[in-house]
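None of the values given here were measured: they were computed from a predicted structure. Just so it is clear: chains get the letters A, B, ... in the order the sequence lines come, proteins before strands, and each one is counted from 1.
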Amino acid sequence: MSNKKAIVYVRLKEGVLDPQGMTIQRAILNMGYDMVSSVRSGRFFELEVTAGDGRVESKVDEICEKLLANPVIEEYRVEFEG
Amino acid sequence: MKFGVVTFPGSNCDYDAYAACRLIGEEVDFLWHQSAALNGCDVIILPGGFAYGDYLRSGAIARFSTIMKSVVRFAENGGLVIGICNGFQVLVESGLLPGALMRNEHLRFSCKFVYIRVEKTDNPFTLECGQGDIIKIPIAHKDGNYYNFQGDLDELMKHNQILFRYCDKDGQITRQSNPNGSAYNIAGITNRDGNVVGIMPHPERAVEDILGSSGGLKIFESVRRAVKARVAIENA
């Protein structure tokens, strides 16, 4: 048994309109930074997991697909630490 | 017949839905989110509000509540289910309806009267409506922007699953009458079988003229007629 940290990044799929990102990008332009051409927003989760039976990666995938991301509009990426 | 109105922690239109059912003279039970019992209800209403605080995404947590397991089974067996506003969000999250309800295009919470057009009348929830009827009805949401990929939208059209679309007061489907950026001005859809309906506007808040409109009443009267017709068939 060991403890790991699963870091989950969720973001909108390519092609899905992100009005929040667009609004943030406009704000950045208004701040005077003209080199930012696009902003995509997303979410970030840290899961402390007990890695017992070696299937922890696929279980975290299940959690992402069922709960943390909405597969209709979002995609996710998981990184493990520890 | 009996309606059932689900109360999640954070539901805030459950009493309005309850009152609408009572107004048409029907029996109605509140159904608690932690219970699995549907109490023999003929129609389940998932009301508006902010179930589980809308944490993560609107409807994402509510979907895993005890009552929803029963509601999904009920729907899969042909039971009549309508999700209103937050209830619609719960239905798409639970996979009973296709697509997703994203943040409004303009990013603001919108609370106002709009017009919707009835796109089909052979659904249990629109039997009492006329084709193309225009209903004045309030919206109150921030995540009502119906989204789906083009191929899935085509499927929705092909199977005639669009029930209501935002329109102007003359029934024209225009960009200006779309309050949230929804694809094809979609305000309400059904599943393929037609027994599960999701609608972003609030019919339960438009059941008496003193509320500004009574146009929502027909949705409740329609489903009552559908249930009574079913019962008549079963008893024949």
Under 3.5 Å, is there a donor-acceptor pair between the [X] and [Y] side chains?
X	Y	result
B:His202	B:Asp16	no
B:Tyr52	B:Asp54	no
B:Ser182	B:Asn145	no

Portion of [X] that has a non-hydrogen atom of chain B nearer than 4.5 angstrom:
X	answer
A:Lys66	both
A:Leu17	both
A:Val16	both

Interatomic distance, B:Asn185 atom CG to B:Tyr146 atom OH [nearest 0.5 angstrom]: 14.0 Å
Largest heavy-atom contact set with chain B, pairs under 4.5 Å, which of A:Asp18, A:Thr23, A:Asn70: A:Asn70
Heavy-atom proximity to chain A below 4.5 Å, by part of B:Leu56: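 Both backbone and side chain.
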Near-ring test B:Tyr115/B:Phe113, centroid separation under 6.0 angstrom: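 Between B:Phe113 and B:Tyr115, the centre distance exceeds or equals 6.0 Å.
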